[in-house]
Amino acid sequence: MTQLAVHNPATGERIAELPADDAASVAAKARAARMAQADWAALSLQERKACIAHFRDGVVRDLEALAVTMTRETGKPIRMSRNELNGLLPRIDFFLKEIDRTIATETVFDEGGMKERIEHVPLGVVGNISAWNYPWFVGCNVILPALLTGNAVLYKPSELASLTGLEIARLLHQAGVPKDVFVPLVGGGDVGAALLEQPVDGIFFTGSHATGQRIAQAVGSRFIRLQLELGGKDPTYVCDDADPRAAAQSLADGAMYNTGQSCCSVERIYVHERIHDAFVAAFVETVQGFKVGDPMSEDTYIGAITRAAQLDVLDAQVTDAKAKGAVLHVGGHRLPGPGNWYAPTVFGNADHRMALMREESFGPIIGIQKVTSDEEAVALMNDSRYGLTAGVYTPSAERARGLLAQLHAGSLYWNCCDRVSPRLPWSGYGDSGVGLTLSKYGIQAFTRPRAWHLRSA
Ligand code: NAD
């Protein structure tokens with residue numbers, strides 16, 4: 001059997017060897033899931049909810065050990081691992097509270113002996129191919145509503161977060177979800193590709209644009225439910241009436257939290273010329289205060305780069321930005337190993353000729369560009385093939401509303417950034433993907449609305 005080696009990106013050490021799946025085991029697991037799904041869907045919603053509530057109890061009980069596992073395999077600073085797990089609890093609560101009314105059968109017409117009803121039935125067996133950067137969040141955004149609505153789930157965690165993926169499986173199984181209803185698949189892209197070959201009823205993917213395109217090509221002609229949550233190049237505009245220091249502190253966190261490896265990290269910043277210099281000075285000062293180091297230390301803010309190959313992307317963006325006239329304020333280089341490390345990096349005088357302002361960086365690096373008007377800022381923010389989130393900093397609600405309404409992005413932020421709420425839909429424009437998770441719509445995404453025409457006589 002093939003093995004998957006798991007490395008700690010902060011030290012380079014091999015920390016585990018996992019038995020990996022192959023095409024034959026994926027096919028066998030898919031067949032078993034198909035057999036098991038009907039019984040799971042036949043349980044009452046209250047019974048399925050009880051399993052997910054027990055899963056929540058398991059997360060609370062094991063939280064510290066789960067945080068350590070995630071930190072060891074991803075290099076995420078330990079406080080941020082705990083934050084992710086603590087942040088998962090209100091998401092679970094949201095799903096448990098929202099599910100009844102969201103999938104309740106609706107009678108939409110009742111006249112003269114004729115009734116019309118909408119019933120929300122599960123899709124059946126769904127595949128979830130997931131990313132490593134927030135493995136609990138992005139995994140559970142799919143897994144929990146899929147299970148609650150009566151689907152079986154074949155779950156392929158990232159090869160860079162497989163220990164966490166197996167912990168999710170352990171806790172779901174301990175909580176009463178049958179082993180053939182929630183099925184982890186261990187391995188890399190080849191195992192993900194093998195999952196796409198199975199006769200599933202939906203594919204829910206979180207990851208890069210390049211892989212998303214491959215997945216769309218592989219399953220597009222099968223007309224199954226397909227959701228792709230992809231990358232971003234999320235912009236923020238700081239208006240001339242904003243407090244430059246407060247905005248800088250908030251946006252430095254938005255750009256560098258989780259070592260910049262968030263799909264909704266702030267990736268480019270536009271600042272009005274009137275407050276530009278004060279903003280940049282405060283931004284650089286904030287970033288210089290971020291402690292880089294051992295992800296297991298309580299005071300570490302910048303951890304390791306999880307995917308070693310990303311170091312080359314960051315180097316290339318730095319070289320390109322310098323060559324095109326960007327001003328390097330801090331960082332701009334790798335840090336010594338072992339492990340994968342990059343210095344938090346801030347460029348001023350950035351512009352749209354640079355990959356830094358056009359392509360996802362997915363690391364602790366940011367470009368800042370000076371603008372002279374709101375119109376210029378809006379045009380630059382919309383000059384992107386991505387559209388996940390976008391934000392504006394200004395004390396004026398009216399100005400913020402007017403600016404935000406013009407932006408091509410799935411989530412809009414006023415005086416905040418890098419924020420996800422279970423109550424709101426999470427989706428992107430353009431190359432940031434198709435479909436959505438979270439909110440009542442992200443629960444219905446795992447169901448098919450079926451039409452009943454009922455004449456009583
Ligand atoms: P990735 O595309 O490299 O991998 C994602 C998953 O796809 C992994 O499980 C991988 O094994 C699998 N995979 C790779 N090749 C495959 C193939 N040919 N067929 C099937 N599966 C295959 O992405 P990543 O590095 O894990 O994640 C980082 C990316 O995810 C970033 O671009 C980030 O912006 C994005 N992301 C988006 C969201 C969102 O909600 N929009 C959330 C988190 C991360």
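Starting from 1, each residue takes its place in the sequence as its number.
Under the side chain to side chain donor-acceptor pair (under 3.5 Å) criterion, Glu285 pairs with Arg245, not counting sequence neighbours. Partners of Ala10 according to the side chain to side chain contact (heavy atoms under 4.5 Å, CB included) rule, which considers only residues two or more places apart in sequence or in another chain, are Asn8, Pro295, Ala304, Trp341. Residues satisfying the side chain to side chain contact (heavy atoms under 4.5 Å, CB included) criterion with Asp21, sequence neighbours excluded, are Ser25, Val26, Lys29, Leu185, Val186, Val191.
With Ser158 contributing its side chain and Leu160 its backbone, the two residues share a donor-acceptor pair below 3.5 Å. Without hydrogens or angle criteria, Asn141 side chain to Leu438 main chain gives no donor-acceptor distance under 3.5 Å. Not one N or O on the side chain of Asp62 forms a donor-acceptor pair closer than 3.5 Å with the backbone of Ala65. With Glu298 contributing its side chain and Arg79 its backbone, the two residues share no donor-acceptor pair below 3.5 Å. Remark: the backbone N or O of Phe137 is paired with a side-chain donor or acceptor of Glu84 at under 3.5 angstrom. Looking only at distances, no side-chain donor or acceptor of Arg82 sits under 3.5 Å from a matching main-chain atom of Ala67. In this structure a side-chain-to-backbone donor-acceptor pair under 3.5 Å is present from Thr447 to Gln444. At distances below 3.5 Å, at least one donor-acceptor pair connects side-chain atoms of Thr345 with backbone N or O atoms of Gly332. Using a distance-only test at 3.5 Å, with no hydrogens or angles considered, no donor-acceptor pair links the side chain of Gln310 to the main chain of Gly363. Between the side chain of Asp374 and the backbone N or O of Leu403 there is no donor-acceptor pair closer than 3.5 Å.
Salt-bridge check for Arg274 with Asp241: failed, with every basic side-chain N at 4.0 Å or more from each acidic carboxylate O. By the 4.0 Å N-to-carboxylate-O rule, Arg268 lies too far from Asp383 to be salt-bridged with it. Electrostatic pairing of Asp57 and Arg61 does not count as a salt bridge here, judged by no charged N lying under 4.0 Å from a carboxylate O. Checked for salt-bridge contact, Glu13 and Arg72 miss the test: no charged N lies under 4.0 Å from a carboxylate O.
Side chain to side chain, Thr437 and Glu229 meet the donor-acceptor criterion of an N or O pair below 3.5 Å. Using modelled atom types, one finds no donor on one side chain facing an acceptor on the other under 3.5 Å when comparing Asp294 with Thr300. Under the 3.5 Å distance criterion, with hydrogens and angles disregarded, a donor-acceptor pair is assigned to the side chains of Glu73 and Thr164. Using modelled atom types, one finds a donor on one side chain and an acceptor on the other under 3.5 Å when comparing Asn151 with Thr149. Judged by distance alone, the side chains of Tyr393 and Asp243 never bring a donor and an acceptor atom under 3.5 Å apart. Between Ser432 and Lys233, the side chains place no donor N or O within less than 3.5 Å of an acceptor N or O (distance only, hydrogens not considered).
For His329 and Phe279, the ring centers are positioned 6.0 Å apart or more.
Between Gln174 and His54, the closest side-chain pair of non-hydrogen atoms is not below 4.5 Å. Side-chain contact check for Leu66 versus Leu171: some heavy-atom pair is nearer than 4.5 Å. Side-chain contact between Cys263 and Leu388 is present, with at least one heavy-atom pair separated by less than 4.5 Å.
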Test side-chain hydrogen bond (donor to acceptor under 3.5 Å, both in side chains) applied to Tyr386 and Asp234, step by step: CA-CA 8 Å; Tyr386 292 109; Asp234 297 358; over 6 Å; no

Pair Ile443-Ile99, side-chain contact (heavy atoms from CB on, under 4.5 Å): steps then yes or no: CA-CA 7 Å; Ile443 297 174; Ile99 184 84; 3.5 Å; yes

Residue pair Glu359, Arg385: steps toward the salt bridge (charged side-chain N to carboxylate O under 4.0 Å, His left out) verdict: CA-CA 9 Å; Glu359 299 305 324; Arg385 62 195 181 100; 3.0 Å; yes

Salt bridge (charged side-chain N to carboxylate O under 4.0 Å, His left out) between Arg358 and Asp320, intermediate numbers included: CA-CA 12 Å; Arg358 306 199 72 86; Asp320 173 68; over 6 Å; no

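Using the six-membered ring where Trp is involved, Tyr301 and Tyr257 have ring planes that are perpendicular, over 60° apart on the 30 and 60° scheme.
Both the sub-6.0 Å distance and the 45° axial angle are satisfied by Lys76 relative to the ring of Tyr134.
Pairs engaging residues 348-357 under the salt bridge (charged side-chain N to carboxylate O under 4.0 Å, His left out) rule: Asp351-Arg353 [sequence neighbours left out]. Screening residues 55-89 for ring pair (Phe, Tyr, Trp, His ring centres under 6.0 Å), with sequence neighbours left out, gives no hits. Applying the side chain to side chain donor-acceptor pair (under 3.5 Å) test to every pair with at least one member in residues 401-420, sequence neighbours left out, gives no pairs at all.
Each of Arg56, Arg423, Lys49 was compared with Asp93 under the salt bridge (charged side-chain N to carboxylate O under 4.0 Å, His left out) criterion, and only Arg56 meets it.
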